[in-house]
Amino acid sequence: MTTHEHEPLGGKNPTLGQAARAFFTFHSPRIFAVVLPLLVATRVAVGGFTWSDLLVVPILLAVQPFAEWLIHVYILHFKPTRLFGRTFDLQIAKFHRAHHRDPWRLELVFIPRRAGWLGLAMFSAAWFLLAPTPQMALSGVVGSVVAAFLYEWTHYLTHTGYKPKGEFYRRLWRYHRLHHFKNEHYWQGVTTHLGDRILGTMPDHAGVPNSPTCRTLGIEAPTDLPGPP
Ligand SMILES: [Zn+2]
Ligand SMILES: [Zn+2]
């Protein structure tokens, strides 16, 4: 699906159903729609459920705010760096800079493919190394993929013209728009702002200066993208 076909959705005010239907025309949500049921089926087939599987929920609730914050600040906002005479950049940071430059281009909202698979491999490895049983590790992987999917949906929705109705979503929506249009150094969370509250990037927006580098992240020249996200 091209950018052009999605622009009307970003501009007008879709219903939640319209936004959800458009969501599943993009690459990343489609991958989730295949991978997540497969993982759930695998977990059910493996069996051996105990109370430790439920521990995954508080662990994820505790980790997610900091994971979102750290990834956003240090990986997505990573700046090209000169190292041994060569410029070192991260592919995912290139896509995030393009996302800040053009926040209404919806295909740039999602986790890029390479970063998505790499992320899945990394947090799966972490679960299997740290969990006491492989069953709990697999439950952890399922939970992490659910969390990533909720991140994708929330982030996408804040970039559509869907008008917030409930107070919970309205806050997420407002903070993410402040990150894009007021000052990119604050409001780093997407599904939660607990990380911002604890790490000091959640000021009263009235006292925050408008950042001149919201759109560029301080890199003036547009970055050449390495293909589709
Ligand atoms: Zn965004
Ligand atoms: Zn950002």
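Read the numbers this way: they start at 1 and go in the same order the structure lists the ligands and their atoms.
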Check H72 and report its N/O/S atom nearest to the Zn ion (ligand 2), by atom name.
-> NE2
Flag for T213-E184: side-chain donor and acceptor within less than 3.5 Å | yes
Can you tell me if an N/O/S atom from H77 lies under 2.8 Å from the Zn ion (ligand 2)?
-> yes
Run through V141, V145, L129 and flag the one making a side chain to side chain contact (heavy atoms under 4.5 Å, CB included) with S124.
-> V141
Would you please say whether a donor-acceptor pair under 3.5 Å links the side chains of H99 and H180?
-> yes
With the Zn ion (ligand 2) at the apex, how many degrees lie between NE2 of H96 and NE2 of H100, rounded to 10 degrees?
-> 90°
With a cut-off of 2.8 Å, does any N, O or S atom of H155 fall short of it relative to the Zn ion (ligand 1)?
-> yes
Has H180 got an N, O or S atom lying less than 2.8 Å from the Zn ion (ligand 1)?
-> yes
F32 ring center within less than 6.0 Å of F23 ring center | no
Identity of the N, O or S atom of H159 lying closest to the Zn ion (ligand 1) | NE2
Atom name in H99, limited to N/O/S, at shortest distance from the Zn ion (ligand 1) | NE2
Evaluate ring pair (Phe, Tyr, Trp, His ring centres under 6.0 Å) for H159 paired with H176, printing each intermediate quantity in order.
-> CA-CA 9 Å; H159 284 276; H176 193 61; 5.0 Å; yes
Under 3.5 Å, is there a donor-acceptor pair between the S28 and E152 side chains?
-> yes
